Amino acid sequence: MAKKEEKMKKELVCPECGSKDIINDPTSGETICKKCGYVFTDNIIDLTQDWRAFDSEQMSRRARTGAPITYSKHDLGLTTEIGKGILELHKVAPSKRAQYYRMTKWHKRLIRSKDRNLSYALSELQRVVSYLGLSRVIHEKIAKYYNEAVNKGLVRGRSIEAVIAALTYAVCREMGNPRTLEEIIEACNVEKREVGRAYRYLARELKLRILPIPPESFVPRFCSMLGLSDKVQAKALEILKKVEKKGLSAGKGPTGVAAAAIYIASILVGERRTQREIADVLGITEVTIRNRLKEIASKLGIEKEIEEKEMKQS
DNA sequence: AAGACGAAAGTGGTTGA
DNA sequence: TCAACAACTTTCGTCTT
């Protein structure tokens, strides 16, 4: 053990200036050349735990690290600064001090200009996510894509809001928890045209796979928004399955198909909602529900069933 | 009065030349 | 780039309950 330590000390020679005057700063854990300020990057951080825990309480008490790194903070939750305290200054040779000050200044400027865009975007994203009540996973994923988009220079010429809106739309869709464009627009207050354009562009550039939205992915959320029971939900899904099998939903707006299925299900189960109510929640018109309703009912041969139930309930 | 129905005209987006 | 096109919306008059 003692031998090992000695060996390590012997090897420490500053590659920058050749000086052997190396100190170990206990507050930062860095190994620094006292002459020129060179910081050794090899083996300076021990990434393993230096403690053990035998239950979860000990685990949380002994853990000294912070939150995990995250894409939803502009610098992954880790901020680097060039120290400006007296302590740091003393570690730098007087002849290098002026240079050190300049470095500090430029470093700050660099971080600001590069990150201003990102940090603004991420706070906007935070707002949108909480407005729409999206999960942590989705939030992270959007942030990750945004990082990617910025790195590829895809945000140029588009408003930050539009990009956030488009990515939100894309990720919700990808995760099988789609929001309608209308909902997104309401949360982001960006023009529909803008969002659509940004969406198509980003989807192409980031190679997001765009699949048509299956109508059933709207059912659970909208059913609960309408205060309908699980029974209605199950019925609506059952109807949609048949509809898809017959290829009735091809080319039709998924919300319209979902709306009709929910409408039919609500009647069949006996928790009727008016067309108006459903149309409002799904963001479509009654006319569309009626059109889908007619198609579905006739093709599935359940017109009579619906009519009967309708009579009973009025 | 409220809901459902359907015709007709208008709108925004996709497609194919 | 443009026109054709299908899906969907808006609007409105009518019918039913």
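Below, chain A is the first sequence line, B the second, and so on; all start at residue 1. Since the model is a prediction, treat every value here as computed from it, not as a measurement.
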Please report the distance, rounded to the nearest Å, between [atom1] in [X] and [atom2] in [N].
X        : N      : atom1 : atom2 : answer
A/Ile296 : C/dA7  : CD1   : P     : 14 Å
A/Glu286 : C/dT14 : CD    : P     : 18 Å
A/Asn291 : B/dA4  : CG    : P     : 15 Å
A/Ile278 : B/dC5  : CD1   : P     : 12 Å
A/Arg292 : C/dA6  : CZ    : P     : 14 Å
A/Ile289 : B/dC5  : CD1   : P     : 10 Å
A/Asp280 : B/dA4  : CG    : C1'   : 15 Å
A/Glu182 : B/dG13 : CD    : C1'   : 13 Å

Query raised in the report: Given the rule in the salt bridge (charged side-chain N to carboxylate O under 4.0 Å, His left out) test, do A/Arg221 and A/Glu183 qualify, once you have shown the distances and angles that lead to the verdict?
Result: CA-CA 13 Å; A/Arg221 199 158 54 87; A/Glu183 289 175 288; 2.9 Å; yes
Report task. Taking only heavy atoms on the protein side, list every residue of residues 253-277 of chain A lying under 4.0 Å from any atom of DNA chain B, sorted numerically. Result ->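 Within this stretch, A/Tyr263, A/Arg272, A/Thr274, A/Gln275, A/Arg276 sit under 4.0 Å of the strand.
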Report task. Would you tell me if any nitrogen or oxygen in the side chain of A/Arg200 comes within less than 4.0 Å of OP1 or OP2 on B/dG13? Result ->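 No, outside the criterion.
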Under-3.5 Å N/O pairs linking protein and nucleotides 6-8 of chain B:
unit_1: B/dG6; atom_1: N7; unit_2: A/Arg290; atom_2: NE; d: 3.4
unit_1: B/dG6; atom_1: N7; unit_2: A/Arg290; atom_2: NH2; d: 3.0
unit_1: B/dG6; atom_1: O6; unit_2: A/Arg290; atom_2: NH2; d: 3.2

Requested in this report: Please determine, for the side chain of A/Arg193, which listed nucleotide (C/dT10, B/dG13, C/dC8) has the closest atom?
Outcome: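 The nucleotide sitting nearest to the side chain is B/dG13.
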**Report entry** Opposite nucleotide pairing with C/dC2, Watson-Crick or G-U, both atom distances under 3.5 Å
**Finding:**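 Here C/dC2 is engaged in a pair, and the nucleotide opposite it is B/dG16.
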Classify [X] by what it touches in the nucleic acid, base, sugar-phosphate, or nothing, heavy-atom distance under 4.0 Å.
X        : result
A/Arg197 : nothing
A/Lys192 : nothing
A/Gly251 : sugar-phosphate

Query raised in the report: Out of curiosity, does A/Val287 fall in the hydrophobic cluster containing A/Val281 (side-chain heavy atoms, cut-off under 4.5 Å, transitive links)?
Result: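 No, no single cluster joins them.
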Query - Minimum heavy-atom distance A/Leu282-A/Thr180, with the two atoms named - result: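 The answer is O-CG2, 4.3 Å.
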Flag for [Y]-[X]: side-chain donor and acceptor within less than 3.5 Å:
X        : Y        : value
A/Arg204 : A/Tyr199 : no
A/Tyr131 : A/Arg127 : no
A/Tyr263 : A/Arg272 : yes
A/Glu174 : A/Tyr145 : yes

Query raised in the report: If only atom types and distance count, is the side chain of A/Lys246 paired as donor or acceptor with the main-chain N or O of A/Lys299 below 3.5 Å?
Result: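 Present.
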Query raised in the report: Has A/Arg158 got its NZ or CZ under 6.0 Å from the middle of the six-membered ring of A/Tyr201, at an angle within 45 degrees of the ring axis?
Result: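 So A/Arg158 does make the cation-pi contact.
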